[in-house]
Amino acid sequence: MQITWSEINERAVEFVHEWRDARDEKAEAQTFWNQFFYVFGMPLRRVAVFEKHVKLSGNQQQGFVDLFWKGTLIAEHKSRGKSLDAAYKQVLNYMSGILDEELPRYIILSDFQRFRLYDLDEGEEWSFELTELPRHIHLFDFMTGHKRHKYPDVDIVNIKAAELMGRLHDALKANGYTGHALELLLVRFMFCLFADDTAIFEKGLFAYYIEERTREDGADVGAVLTYIFQLLNTPEDARQINLDDDAAKFPYINGSLFDETLPIATFDRKTRDILLKCCYFDWSTVSPAIFGSLFQAVVEPQERRDFGVHYTSEKNILKVIRPLFLDGLYAEFEARQHNKRALNELLGKIGSMKFLDPACGCGSFLVVAYKELRRLELVIHKQLQRLESKNDQYRGMVLDVVEVFNRDINVDSFYGIDLFEFPVRIAEVALWLTDHQANIELQNEFGHYYARLPLIKAPHVIQGNALTLDWEDIIPKSGLSYIFGNPPYVGKHLRSDAQNDDMDIVFADKIRNYKTLDYVCSWYVKTQEFISGTDIQTSFVSTNSITQGEQVGILWNYLLASGIKINFAHRTFVWSNQARRKAAVFVVIIGFATFDRKKKQLFEYVGASDEPLELQVTNINPYLVEAENIVMTPRKKPICNVPAITWGNKPVDGQFLLLTDSEKNDYVTAEPSGVQYIRPLISAKEFLHNEKRWCFWLTDVNPATIRRLPLLRQRIASVRKFRLASKKKPTRRLADQPYLFAENRQPKTPYIAVPRHTSENRRYIPLAICEPNVIVHDSMAMIRDVTAYHFGVLQSAMHMTWVHQVCGRLKGDFRYSNDIVYNNFPWPSNPLSMRIDDVMVAAKGVIRARHSYPDTSLADLYDPLSMPKQLLDAHRRLDKAVDRCYRVERFDTDLERLQFLFGLFKEYTS
């Protein structure tokens, strides 16, 4: 069972705490490396040895390698402050005495406080302090058996291209050229600029015509553009015979791009200069996939939010299409590369594939998919040429490019749907230009130029609402191979009325409580219906919220019951791009079908912005972990016999019953007899950051007393006025008792306070046992009638493992849910009284450790980079005590804990 990267990261933090104050004795080195290997869940003795004898180069003396892992790494350890450069030279000397087949790829150097790592195959080197180990832990993925997947970053050229087009858009719009005409004009510009640099036009023809045939003040640029567009839409044999030589060079394009006659755009000197700067840019190096970024660059941020649009880099798109189909096709190529017949069959298979993006936007996913498939086809053609060159019968033959073009995949294999016209037109042009770039690559490889002009085949990109259209009208499911994309996310509080109407249509008679779901869930249900009974495979990018909290139970119960199987997934990472006004969001990628793949892949991230690491797993459940398909649904009561959890007290007071520390002091000075009605108040912020806040708690106050406290009476009057002004009838009714909190759940006995929102970076959610005189705000949850045993279990690694997988998120923070997280949590089954006592003792040890730092906030105490060793050790003892309440055998990983908890949940609820 592979250890997860979240566990590795936690162990790395513990390792830093253990060794940051290490002494300099070299004798500690073996302990250091043993514990270092433990971070990765690997007993060192299984794979490596200490003090390996090697013969030094140049003499007959023996050297001793501090740590040697055959074929993988050498570690050399020095006393604190000693030169690591000297250690590196020493290792290189050792390597001359190692057999070739045992030579390592990696070198690790350390002096307790510093690390230096060398990757000899890639020629890379990293240096960092011991305290920075958690941030660099992903560099050691080779120690776990994980496979690192690298995706190329977006080229800076693509970013500059999008910025230039954004400037041109802004200039034209400032001149009053707007709406549909502006959008279509930009699409035509993009085509012409690419054509100018990629041999669709004679090189530089468009730039020359604008520069030489228009006035510098820009007055006639619009008319000249209209003339050029008319030429591009007219077959050569239908044109006027007296065209000048330069105008006659513009080819007939077809494809409907230039059909419509647009209003003539008004240019000035500045706008003409911007257009020329676009012309001078080398567009041959730009990927058409950046058109999505260009669209983002010219759409207002609020519109982007309304439409739920998140445009993407090619690097991120590859995370969707590689495990979906591309890696499999390359694997087929590797297996067939020496068989001509099999390679031709593979080409035929690729040529027959059909792809649908039902929320295609500007076609970025379709473009990248087409580009990657054409590259694979090129690889196959090159291999076929190599095989044929070995056969005397075929030696000297050249590739029939026309035959290739007729057989290979083309733009008409790609289908898309988008709600708006502008992105639909961009997607069409982007696919055509991608086709042309692929043709150029083929030309460069085999020396034959072939341009598909005029355009005959076209992509099937449709303007419409994908959630209300019948996809069978666009492409029969019998002919479709894959569905993929990045549908709009849009949480329930941000949806428009039209989007709510869409969900009503999609979810009708299928799922209750669907209004709680993110808008993106509509595409999952629509797709499930479409692919039912087929071999179509799907992959969507989605907000990670659909794999957390209450959405899991609502959505995935239905999908699993409908036969959906998750075949691969990327766990939470940051989906971002390099375009202007870029949007970033925490997402997952889920690949699914109505059948199980033999090979299931789970991609995990050390940090949300790191490269993914692949795990081979047997099943992926809706929480995107390797476990059974169990989902949590909201429950009003705990599944175990434990105290109930409730929200705190809700003021609804306009802040008039609440006081900051300074406000409280001012009030007591002015009206000292009112101090008896002031209580300490904790909300999540004050609780975590050790800040003081207060409230008036007037549950049993005598009305005569209020009359004698004019300042308090004034505050109560303000509460009444605030509540009466509310649009909500229940709130207005509360004005009858303005001196009370709107909702009073304050316990009369000690209770556990639980912050509803807290950073997921903390190893433990900080909880506390509070006295009943401390009023708990509704930004907290509370559990009454508790003991130290309850506190201990909830503060343990066992509970936190559950939280990590079941808890909802708000951005990157935990959103602790009473009915999903707490009420579904499987507590130990009838633990022995001695085990309960052990937990209570350990829990009190955690509290004592906190009290050793009376002026330090819980936020600081539980900071993963500065958590005091005393507190960390107390939590370790508590973790062990709680684990023993569940079973005698130890849990080696959090994944074991989680699988055990899922098993308990199934047992308790079945």
Side-chain angles (χ1 to χ4, degrees), residues 152 154-155 157-158 161-162 165 186-201 253-257 282-295 311-318 320-322 325-326 329 350-351 353-357 360-379 381 401 404-405 407-416 418 423-445 449-461 482 484-486 577:
V154 174
D155 196 306
V157 173
N158 292 346
M165 290 300 290
L186 287 173
V187 175
R188 291 179 177 180
F189 279 152
M190 283 188 293
F191 181 91
C192 292
L193 293 168
F194 268 78
D196 227 24
D197 288 329
T198 58
I200 295 177
F201 296 168
I253 299 301
N254 197 21
S256 75
L257 177 59
D282 183 6
W283 291 83
S284 65
T285 61
V286 176
S287 166
I290 65 97
F291 288 173
S293 295
L294 184 148
F295 181 37
Y311 287 95
T312 57
S313 65
E314 291 187 46
K315 173 180 178 178
N316 281 335
I317 293 170
L318 287 171
V320 175
I321 66 173
R322 277 182 51 177
F325 61 83
L326 197 59
L329 291 173
I350 295 171
M353 287 179 169
K354 305 293 182 185
F355 303 85
L356 170 66
D357 183 346
C360 69
C362 297
S364 299
F365 282 75
L366 298 172
V367 165
V368 174
Y370 183 45
K371 180 171 70 174
E372 293 298 325
L373 288 168
R374 288 293 303 271
R375 284 179 175 173
L376 174 56
E377 287 181 328
L378 180 58
V379 170
H381 286 304
V401 175
V404 167
F405 281 138
R407 179 180 62 176
D408 284 3
I409 197 166
N410 205 329
V411 294
D412 61 343
S413 292
F414 293 85
Y415 296 74
D418 198 81
V424 165
R425 303 308 296 268
I426 290 178
E428 291 173 340
V429 173
L431 281 163
W432 278 323
L433 294 174
T434 300
D435 177 69
H436 182 68
Q437 287 185 327
N439 296 342
I440 292 175
E441 288 187 35
L442 191 70
Q443 165 197 327
N444 293 339
E445 185 64 37
Y449 174 71
Y450 183 84
R452 285 198 248 247
L453 289 178
L455 299 173
I456 299 173
K457 293 185 176 181
H460 306 276
V461 186
Y482 298 97
F484 52 72
N486 183 17
N577 62 67

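In what follows, residues are counted from 1 in the order of the sequence shown.
Annotation: the span from Arg425 atom CZ to Met190 atom CE amounts to 11.0 Å, rounded to 0.5 Å. Within the model, atoms NE2 of His436 and CG of Leu431 stand 15.0 Å from one another, a figure rounded to the nearest 0.5 Å. From Cys360, atom SG reaches atom CD of Glu428 across 9.5 Å, with rounding to the nearest 0.5 Å. Atom CZ of Arg374 sits about 9.0 Å away from atom CD1 of Ile409, to the nearest 0.5 Å. Atom CD of Glu372 and atom CG of Leu376 lie 9.0 Å apart (nearest 0.5 Å). Trp432 contributes atom CH2, which lies 12.5 Å from atom OH of Tyr370 (distance to the nearest 0.5 angstrom).
Shown here for Asn410 and Lys457, the closest heavy-atom pair between the two residues is ND2-CD, 3.4 Å. Listed here is the closest heavy atom pair of Ala430 and Cys362: CB-O, 4.4 Å. Nearest heavy atom pair, residue Val461 against residue Ala427, reads CG1-CB, 4.1 Å. For the residue pair Phe484 and Ala369, the shortest heavy atom distance occurs at CZ-CB, 3.8 Å. Between Ser413 and Gly351, the shortest heavy-atom contact is OG-O, 4.1 Å. Of all non-hydrogen atoms in Gly485 and Asp357, the two that sit nearest each other are CA-OD1, 3.6 Å.
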Which is it for Ile317 and Lys371 under the side-chain contact (heavy atoms from CB on, under 4.5 Å) test, yes or no, and what are the steps along the way? CA-CA 12 Å; Ile317 293 170; Lys371 180 171 70 174; over 6 Å; no

Checking side-chain contact (heavy atoms from CB on, under 4.5 Å) for the pair Phe194/Val429: CA distance, chi angles, key distance, verdict? CA-CA 10 Å; Phe194 268 78; Val429 173; over 6 Å; no

Check the pair Leu366 / Thr434 against side-chain contact (heavy atoms from CB on, under 4.5 Å), numbers first and verdict last. CA-CA 10 Å; Leu366 298 172; Thr434 300; over 6 Å; no

Walk me through it: do Leu186 and Ile426 pass the test side-chain contact (heavy atoms from CB on, under 4.5 Å)? CA-CA 9 Å; Leu186 287 173; Ile426 290 178; over 6 Å; no

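A ring-ring contact (aromatic ring centres under 6.0 Å, His included) with Tyr482 is found for exactly one of Phe414, Phe365, Phe325, Tyr415, namely Phe325. Only one option out of Leu356, Val411, Asp412 pairs with His460 in a side chain to side chain contact (heavy atoms under 4.5 Å, CB included); it is Asp412.
Judged by distance alone, with hydrogens and angles left aside, the side-chain atoms of Asn439 form a donor-acceptor pair with the main-chain N or O of Asp435 at under 3.5 Å. Looking only at distances, no side-chain donor or acceptor of Glu377 sits under 3.5 Å from a matching main-chain atom of Asp408.
Within the 4.5 Å cutoff, the side chain of Ile200 has heavy atoms near those of the Leu433 side chain.
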